[in-house]
Number of protein chains: 2
Amino acid sequence: MNFSIAEENYIKAIWRLQQADSNVTTNELSAELQTKPASVTDMLKRLKEKKILNYEPYYGVKLNADGKKIALGIIRRHRLWEYFLVEKLKFEWDAVHVIAEELEHVSSPELVERLDHFLGFPKADPHGDPIPDSSGRMETSKHISLHQLKEQQPAIVSGVNDQSSGLPEILRQKKISIGTKVEIKQRFLFDGSIEIKIRNQPLITLSEQLAKNIYVTPL
Amino acid sequence: MNFSIAEENYIKAIWRLQQADSNVTTNELSAELQTKPASVTDMLKRLKEKKILNYEPYYGVKLNADGKKIALGIIRRHRLWEYFLVEKLKFEWDAVHVIAEELEHVSSPELVERLDHFLGFPKADPHGDPIPDSSGRMETSKHISLHQLKEQQPAIVSGVNDQSSGLPEILRQKKISIGTKVEIKQRFLFDGSIEIKIRNQPLITLSEQLAKNIYVTPL
DNA sequence: TATTTTTTTTAGATTTGCCTAAATTATAAT
DNA sequence: ATTATAATTTAGGCAAATCTAAAAAAAATA
């Protein structure tokens, strides 16, 4: 079966939301996709006809097995292109998301497999998100946001938020990158900011907003 | 100004046709794009509103300076991606056209400039067609088809037809590639076939159809 | 439990890009 | 110069993907 760009964007958005929530609502989708709820209802009816999701009026939506496979194909393309843009074309992290949103819709399966081979079968994109293999399998990294990390619990930075722009600049300045070992030394309830220790460096302060956009794997 | 994929395909088709013909007709366009003449009329009216071409009902169409610039941007992207697909992803010549037709519509200007840089600023795509630079300038190679070459006139193979599939196979078998020196020794009026000499090899026979899809620059 | 608020769906319109069938204009042939 | 043919445009329609406004259903609150 073949999907339009609009359909692929809905499938991707449903997949993303159902990771957190299992059952995805019309309103959540309309916020995610910057469209009106009425447009979402229309599209869900169309995608239901294509038998890639379970949708009951008023009760939300969920991708079925076929739908998940399609979603993982789109995510695979997106992340491979992000890797290409950063590793080969030397883009900054925060510039690649928008471009990869376009490239991910180029549908040739042979292109994807050759690109994967050309890139050396990378396991994760530049933000640390795992790249599904050609049959849709993917390492389920159980990372949490740095903001959720317990105090005194050492962890490794494993990713950053894909969608937020301006992150690379601040992370470069603070000398944080994927693989960096971090530990929360103190937490301020007043504004949600944290103080963290990196190697032997002096303590540094991160805002709540920043900590929420950095992902870590506890050790 | 921003153009849809459909609009970009029309602009590209008009540009291609007006290379040969200057004034492009509705029927030529409908044949080129595999649509009905009525659809072409619709689109020409819309593109005229966008002021990128001169169109008078019943008298054909012609891109203006702005239109040509847009066309050369699309062609630049198409040919850079073709180069990438062949040189980096190791696709065969004849497989890349369809994929490049999709990639060419990805619109980030920075992507195009970085891709160009990554590829080493190639001058021509894998079929020998020149790649316009970022301001739309392009080497105007004055090649003709091998079929049009005069007998006993030495020439260098400078390109092959972009759109035709299966060419690489037959060219590999006959040991012809871009840069090969050729000369027509005999021409058969009966079926339009020709006999050519390549270096010190024995004469080989090419069908009219094949000769029309190989381009040469006379010496 | 009844009422209010929020969420979701339905109904009806719009734009893009295409179609078919009919009308119009240009070109070629007698 | 008329007539026949070919090319082009107009008119009216359709599907995809969106919208607004109104109606209906579900959830929250009094």
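Numbered from 1 within each chain, the chains take letters A, B, ... in sequence-line order.
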Exercise. Check the distance between D:dA6's C1' and B:Y59's OH and give it to me in whole angstrom.
Key: 15 Å

Quiz item: Does A:Y55 have a side-chain nitrogen or oxygen under 4.0 Å from the phosphate oxygens OP1 or OP2 of C:dT9?
Solution: yes

Quiz item: Roughly how many Å is it from CZ in A:F3 to P in D:dA16, rounded to a whole number?
Solution: 13 Å

Self-check item: Residues A:H147 and A:N213: side-chain donor-acceptor under 3.5 angstrom
Solution: no

Quiz item: For the helix from C:dT1-D:dA30 to C:dT30-D:dA1, how many degrees between its two end axes (five pairs per end), to the nearest 10°?
Solution: 10°

Self-check item: Plane angle bin for A:H143 and A:Y215 - parallel if under 30°, tilted between 30 and 60°, otherwise perpendicular
Solution: parallel

Practice problem: Could you check how far CD1 of A:I5 sits from C1' of D:dT18, rounded to whole Å? | Solution: 15 Å

Quiz item: From D:dA25, C:dA26, C:dT20, pick the nucleotide closest to the side chain of B:A38?
Solution: C:dT20

Quiz item: Do B:H127 and B:H97 have side-chain atoms, one donor and one acceptor, less than 3.5 Å apart?
Solution: no

Self-check item: Atom pair distance, as rounded to whole Å: NZ in B:K48 and P in D:dT9
Solution: 11 Å

Exercise. Indicate yes or no for a side-chain donor-acceptor contact from A:D21 to the backbone of A:V24 under 3.5 Å, with no hydrogens or angles considered.
Key: no

Exercise. Answer with base, sugar-phosphate or nothing: what part of the nucleic acid does A:T41 contact at a heavy-atom distance below 4.0 Å?
Key: base

Practice problem: For the side chain of A:Y58, starting at C-beta, report the closest nucleotide among C:dC19, D:dT8, C:dT9. | Solution: C:dT9

Quiz prompt | d(CD, A:E49; C1', D:dA16) in whole Å | solution = 13 Å

Quiz item: So what does B:P37 touch, heavy atoms closer than 4.0 Å: a base, only the sugar-phosphate, or nothing?
Solution: base

Practice problem: Respond yes when some side-chain nitrogen or oxygen of A:Y10 is under 4.0 Å from OP1 or OP2 of D:dT18, and no when none is. | Solution: yes

Quiz item: Would you say the side chains of A:E82 and A:H78 form a donor-acceptor pair under 3.5 Å?
Solution: yes

Quiz prompt | Side-chain N,O (A:R46) to OP1/OP2 (D:dA17) below 4.0 Å | solution = yes

Self-check item: Residue B:E7, side-chain atoms from C-beta onward, closest of C:dG17, D:dT9, C:dT9
Solution: C:dG17

Quiz item: Distance from B:E8 atom CD to B:E104 atom CD, nearest 0.5 Å?
Solution: 7.0 Å

Quiz item: Going by atom types only, do A:S193 and A:D191 share a side-chain donor-acceptor pair under 3.5 Å?
Solution: yes

Quiz item: Considering only side-chain heavy atoms of A:K45, which listed nucleotide, D:dT18, D:dT10, C:dT10, is closest?
Solution: C:dT10

Practice problem: Looking at every strand, decide which applies to B:S39 at a 4.0 Å heavy-atom threshold: base, sugar-phosphate, or nothing. | Solution: base

Self-check item: Whether B:F118 and A:F118 hold their rings parallel, tilted or perpendicular, with breakpoints at 30° and 60°
Solution: perpendicular

Quiz item: Nearest to the side chain of A:T25 - D:dT8, D:dT10, C:dT8?
Solution: C:dT8

Quiz item: Given atom CD of A:E56 and atom C1' of D:dA25, what is their separation to the nearest angstrom?
Solution: 14 Å

Exercise. Go through D:dT20, C:dC18, D:dT18 for me and flag the one nearest to the B:A6 side chain.
Key: C:dC18

Quiz item: Given D:dC19, D:dA17, D:dT9, which nucleotide is nearest the side-chain atoms of B:T26?
Solution: D:dT9

Quiz item: Contact class for B:N27 vs. all strands (heavy atom < 4.0 Å): base, sugar-phosphate, or nothing?
Solution: sugar-phosphate

Quiz item: What is the distance, rounded to the nearest whole Å, between atom CG of B:D42 and atom C1' of C:dT20?
Solution: 12 Å

Self-check item: A:M43 CE to C:dT9 C1', straight-line distance once rounded to whole Å
Solution: 17 Å

